[in-house]
Colleague: 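Sharing a structure with you now.
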Amino acid sequence: MNINSIVKKLQNNLSKNRFEHSIGTADMAKELAMIYNGNQEKAYLAGLLHDCAKNLDNQQLAKLLENEGYSTNFLQCNKILHAPVGAIIAKREYNITDKGILGAIKYHCYGKADMSLLEKIVFVADKIEKNREFEDIKMLREIAKRDLNKALLYSLTFSMNNIIKKGYFLYEDTIKAKEYYEMVVEKKDNL
Ligand SMILES: [Fe+2]
Ligand SMILES: [Fe+2]
C-alpha cells in the first residue's frame, strides 16, 4: 500500500479532526526523526497510523483484544485500547509489516520502560503536533527538540494525570515507564 492510498483510507475511516491530528502527528514524528537521526519514513507512517483504530467503540476494541489474549486488567483501561488495536489494524488493513512501526503504534498511549527511538518519537509527536492545545505546550515543544527522554517523561506524566483526573483505569506499564524515564533523566542531569 503506498502512502497516498494509506492517507485516503485513513481519511475515509476517521473523523475530520482525528484525521488532521494524524497528519499533524506524522509531520511532527518526521521532524523529530530528523533531529534524532531516526528513520523519517517510518516515523511518518507510524504517526499517520497511530490512531487508525480510533473510530471503533470500546466494545469492538475490547472484543478484538480479548481474542488476542489481552488480560481483563488491560481491557479495563478504556482510554488506551485503540493503541494495540491500531497496531493490529495497521498490519491487517494497511499491510504494515515493519515491527518498529507496529510497536510505535501499539505503545503510543501507555508506553513502557526502555522504549525504542521510534516509539518515543511517536509518543511525543502525538502530544505536541501542531493541532494540540494545552498549557505548557510551547515549553514541551521546545524540550522535545533538545531532549527526547525529558519530553517523553513529561508526556507520560501528562497522560497519567489526564487518565487519573478523568477517573479512567491507569495501566501499570505507564507507571513503570514513568519511573524508568525519571531515572534516565535524573542520571543525565547529574552528569
Ligand atoms: Fe491515540
Ligand atoms: Fe493521537
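Just follow the structure's listing: the first ligand is 1, and inside any ligand the first atom is 1. All figures in this text were calculated on a predicted structure; none of them were measured in a lab.
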Colleague: Is the backbone N or O of L148 less than 3.5 Å from a side-chain atom of Y36, with the two atoms forming a donor-acceptor pair by type?
Modeller: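 Flag set: sc Y36 to bb L148 pair under 3.5 Å.
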Colleague: Please determine if K112 and E179 form a salt bridge, counting it only when a charged side-chain N lies under 4.0 Å from a carboxylate O.
Modeller: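 No, this pair does not count.
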Colleague: Identify, by name, the N, O or S atom of H21 lying closest to the Fe ion (ligand 2).
Modeller: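 This turns out to be NE2.
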Colleague: Counting C-beta onward and ignoring hydrogens, is there a side-chain heavy-atom pair between H21 and R132 closer than 4.5 Å?
Modeller: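 The answer is yes, as the side chains (C-beta and beyond) meet within the 4.5 Å cut-off.
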Colleague: Taking backbone and side chain together, does C109 place any N/O/S atom at a distance below 2.8 Å from the Fe ion (ligand 1)?
Modeller: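 Checking C109: none of its N, O or S atoms is under 2.8 Å.
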Colleague: Report the C-alpha separation of Y110 and F74 in whole Å, then their side-chain angles, then the decisive distance to 0.1 Å, and conclude whether the ring pair (Phe, Tyr, Trp, His ring centres under 6.0 Å) test is met.
Modeller: CA-CA 11 Å; Y110 51 94; F74 186 87; 5.4 Å; yes
Colleague: Nearest to the Fe ion (ligand 2), which N, O or S atom of D126 do we find?
Modeller: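 Going by distance to the Fe ion (ligand 2), the closest N, O or S atom in D126 is OD1.
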Colleague: Give, rounded to 10 degrees, the angle between NE2 (H108) and OD1 (D51) as seen from the Fe ion (ligand 1).
Modeller: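 Value, to the nearest 10 degrees: 90°.
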